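Below you'll find the structure, written out as C-alpha cells, and then a few comments.
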There are 2 protein chains.
Amino acid sequence: MITKVLIAEDHESANISLQKTLEDLAIVDTAHAYYCDDALNKVSIALKAGSSFDLLITDLYFEPDAREQTLSGGMELITAARKIQPGLKILVFSAESRPAIIDQLYSQLDIDGFVRKARNDARELKEAISEITRHRRYFPRHIMQLIEKRNVYAFSEFDIRIITLLAQGMLQKDIPAHLQQNGIKPSGLSSIEKRLNQMKDALGFSKNEQLVAYCKDLGAI
Amino acid sequence: MITKVLIAEDHESANISLQKTLEDLAIVDTAHAYYCDDALNKVSIALKAGSSFDLLITDLYFEPDAREQTLSGGMELITAARKIQPGLKILVFSAESRPAIIDQLYSQLDIDGFVRKARNDARELKEAISEITRHRRYFPRHIMQLIEKRNVYAFSEFDIRIITLLAQGMLQKDIPAHLQQNGIKPSGLSSIEKRLNQMKDALGFSKNEQLVAYCKDLGAI
DNA sequence: ACTTTTTTTATGGGAAACCGTAATGGGTGA
DNA sequence: TCACCCATTACGGTTTCCCATAAAAAAAGT
C-alpha cells in the first residue's frame with residue numbers, strides 16, 4: 001500500500017495539482033521538494049527515521065537558480081534515491097515526449113511509471129498510482145507506442161558520436177583525427193562516410209542536416 | 001473587479017492548480033475549456049447571455065488530438081476572443097520562455113499579463129490577477145529581463161524557411177528555385193548564402209548542421 | 001598456416017558548398 | 001534625368017563533401 005509520497009517538482013502549480021490528485025486518492029501523507037538535493041535529503045532522513053517514503057513522484061528537469069545543486073535533474077535524483085533506498089517506487093511526471101529519453105527511463109533507470117504532462121495527465125496519474133500500488137508498472141499503450149516508434153533505426157554509440165560532432169560544427173574531414181585522439185575505432189574517413197550513408201539510406205535521407213534534425217527530435221543527441 | 005474567469009488549458013493538472021489558485025483568491029465562478037474552440041464558444045455564449053467573462057487565462061500551445069480545431073493555439077484564441085469582446089482581460093500562463101514570443105504577446109496581442117510555468121508560478125499567478133484586478137498590466141522584472149535579453153539571434157521568417165528546407169534535405173543550390181515557385185524573394189543563391197553566413201556569424205557557428213541543431217533546441221523548426 | 005571473407009582505410013574524380021568580388025537592378029534625392 | 005546607394009544576383013576559385021573503386025588490414029573458416 002502506498003501511503004507516504006514525496007513530490008519532487010520545481011513548478012509550484014504542478015506541485016499543487018499533484019497534491020490535489022493524491023488527496024483524491026486519500027493519500028495525505030505527502031512531502032514536497034522544490035529542488036533535487038532537498039528531495040534526496042528527505043528520502044534519506046525519512047529512511048533513517050524508519051518512516052521511509054513509499055513513492056517518489058519526480059519531474060525530470062529542474063530549472064537552475066541561485067541555489068547551487070549537486071544533483072542536476074530527475075535522472076540523477078532517481079539514481080541517487082534508489083542507491084540509498086532500492087525498493088523505492090518511482091513515478092516520473094514530466095512534459096518529456098522524446099522516445100529515446102522515455103525508453104531510457106524504463107530500461108535503464110527501471111522506473112515504475114511515466115506520466116506525461118498532457119491532456120489527461122491527472123487521470124493518468126491516478127491510474128499510474130493505482131497500478132504501482134498493486135506492484136505493477138504503469139505502461140500505458142500510448143507511451144509504448146511512443147517508444148516503439150523509435151525502432152525505425154537503432155543508432156549505435158558510434159552513430160551518435162558522429163552526428164553529435166557534426167551538430168557541434170566539426171568538419172567531416174576532421175572527425176578521424178578526433179576519433180583517434182579518443183581511441184575510438186574505426187576512425188577512417190571512409191568508415192565515417194559509410195556509416196552516415198547507411199543511416200541516411202535506412203531513413204530515406206540524403207543530407208546530414210536531416211540526420212541532425214531527426215536525432216534532435218528523438219532526443220538522441 | 002474580477003469575478004468570472006475562463007481557463008483555457010489542455011493539461012488537466014494545470015487546470016486543477018489554476019482552479020485551486022483562483023479559489024485562494026476567492027474567485028469561484030470559473031469555467032474550463034480543454035480546447036481553443038470550446039474556449040471561444042464559451043466567451044461568445046457568456047457575452048450573448050449578458051454574463052461575460054472578466055478574465056481569460058490561457059495557455060499558448062494545445063496538443064492536437066482527434067478533435068478537429070479551427071483555432072490552432074492560444075495566440076489565435078486571444079485574437080478571436082478580443083474580436084468579439086474587446087475589453088476582455090487576458091492572462092497567458094505558459095511554459096514559453098523564448099523572448100521573441102513573449103515580446104510579441106505584449107506588443108502585438110496586448111495581453112494583460114504573462115506568467116511562465118516555472119518555480120513560483122502559483123504565487124506569480126496571484127500577483128498577476130491582483131494587478132489585473134487593479135486594471136494594471138503584469139510586467140514582472142524577470143519577464144522584462146527575458147525580453148530585453150535579446151542578444152540571441154532573432155530568426156526571421158526567411159531564416160526559418162531556409163533552415164527548414166535544409167533540415168528536410170533540400171540541397172542549398174535547389175533552394176532558389178523553390179523560393180521562386182512560392183513567390184518569396186530574395187531568392188538568389190547568394191542571398192541565401194549571405195543569410196546563412198549572417199546567422200552562423202551571429203551565433204559563432206561554422207556549419208549548417210549547427211544551425212539545424214540550434215533551431216531544433218529552440219523549437220523554431 | 002593458408003585461404004576466404006569481411007571490415008577498415010586510402011585514393012581520385014566530380015558535385016556541392018563556401019567565400020570573395022564584380023555586375024545588375026530598383027529606389028531615392030539632387 | 002542622372003548620379004548614388006542599397007540590396008540582390010551572378011561568377012570564379014578554393015575547400016569540403018560525396019561516391020565509387022581499390023588496397024590494406026583484420027577476422028573467420030578450413
Side-chain angles (χ1 to χ4, degrees), chain A residues 152-218 220-221, chain B residues 100 150 152-218 220-221:
Chain A
V152 181
Y153 182 85
F155 290 99
S156 69
E157 288 283 329
F158 188 69
D159 297 335
I160 299 300
R161 187 116 197 178
I162 294 173
I163 297 175
T164 303
L165 289 172
L166 287 177
Q168 289 169 352
M170 183 169 284
L171 292 178
Q172 212 162 293
K173 73 179 180 68
D174 292 335
I175 294 182
H178 180 272
L179 291 181
Q180 274 191 325
Q181 281 183 331
N182 292 70
I184 299 168
K185 57 182 186 179
S187 66
L189 183 56
S190 291
S191 296
I192 292 164
E193 291 174 348
K194 182 187 169 190
R195 213 89 194 80
L196 285 170
N197 277 330
Q198 283 180 346
M199 288 189 270
K200 283 185 277 195
D201 195 51
L203 294 164
F205 294 162
S206 59
K207 305 249 349 166
N208 291 340
E209 283 92 333
Q210 289 174 286
L211 280 176
V212 171
Y214 183 78
C215 287
K216 275 289 175 190
D217 282 338
L218 245 62
I221 62 172
Chain B
R150 189 135 12 138
V152 283
Y153 184 82
F155 291 99
S156 68
E157 287 285 330
F158 189 68
D159 296 335
I160 298 301
R161 188 116 197 178
I162 294 173
I163 296 176
T164 303
L165 290 171
L166 288 177
Q168 288 170 351
M170 181 168 287
L171 292 178
Q172 212 163 293
K173 73 179 182 68
D174 293 334
I175 294 183
H178 180 273
L179 292 182
Q180 274 191 327
Q181 281 183 331
N182 292 70
I184 299 168
K185 58 181 185 181
S187 64
L189 183 57
S190 291
S191 296
I192 292 164
E193 291 174 346
K194 181 185 168 189
R195 212 89 193 85
L196 285 170
N197 277 329
Q198 284 178 345
M199 286 189 272
K200 283 186 275 197
D201 195 49
L203 294 163
F205 294 163
S206 59
K207 307 248 355 168
N208 290 342
E209 283 91 333
Q210 289 174 285
L211 279 176
V212 171
Y214 182 79
C215 286
K216 276 288 176 192
D217 282 337
L218 243 62
I221 61 170

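Keep in mind that what you see is a predicted model, and the values were worked out from it rather than measured.
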Short question: side chain of B:Asp201, backbone of B:Gln198 - any donor-acceptor pair under 3.5 Å?
no

For nucleotides 8-12 of chain C, which of its nitrogen or oxygen atoms have a protein nitrogen or oxygen under 3.5 Å away, and what is each distance?
residue: C:dT9; atom: OP1; partner: A:Ser187; partner atom: N; Å: 3.4
residue: C:dT9; atom: OP2; partner: A:Ser187; partner atom: N; Å: 3.1
residue: C:dT9; atom: OP2; partner: A:Gly188; partner atom: N; Å: 2.7
residue: C:dT9; atom: OP2; partner: A:Ser191; partner atom: OG; Å: 3.0
residue: C:dA10; atom: N7; partner: A:Ser190; partner atom: OG; Å: 2.8
residue: C:dA10; atom: N6; partner: A:Ser190; partner atom: OG; Å: 3.0

Nearest-Å distance for atom pair CD1/C1', residues A:Ile192 and D:dC17:
13 Å

If I take atom CG in residue A:Leu211 and atom P in nucleotide D:dC17, what distance separates them, rounded to the nearest angstrom?
15 Å

Given atom NZ of A:Lys173 and atom C1' of D:dT15, what is their separation to the nearest angstrom?
8 Å

I need the B:Gln168 CD to B:Ile221 CD1 distance, nearest 0.5 Å.
8.5 Å

Would you call the rings of B:Phe205 and B:Tyr214 parallel, tilted or perpendicular if under 30° counts as parallel and over 60° as perpendicular?
perpendicular

Given atom NZ of B:Lys207 and atom P of D:dT15, what is their separation to the nearest angstrom?
15 Å

Taken to the nearest whole Å, CD/B:Gln172 to P/D:dT15 is 18 Å

Within this structure, what is the CE-to-P distance between A:Met170 and D:dT16, rounded to whole angstrom?
13 Å

Roughly how far, to the nearest 0.5 Å, is CG of A:Leu166 from CD of A:Gln172?
6.0 Å

Tell me which nucleotide among D:dT16, C:dA16, C:dC18 gets nearest to the side chain of B:Lys200.
C:dC18

May I ask you to decide if B:Lys194's main-chain N or O and B:Asn197's side chain share a donor-acceptor pair within less than 3.5 Å?
no

May I have the distance from B:Gln198 (atom CD) to C:dG20 (atom P), rounded to whole angstrom?
13 Å

Check this one for me: any side-chain N or O of A:Asn197 less than 4.0 Å away from OP1 or OP2 of D:dC18?
no

Interatomic distance, CE@B:Met199 vs CD1@B:Ile162, rounded to 0.5 Å, equals 5.0 Å

Whole-Å distance between C:dA16 C1' and B:Asn208 CG?
12 Å

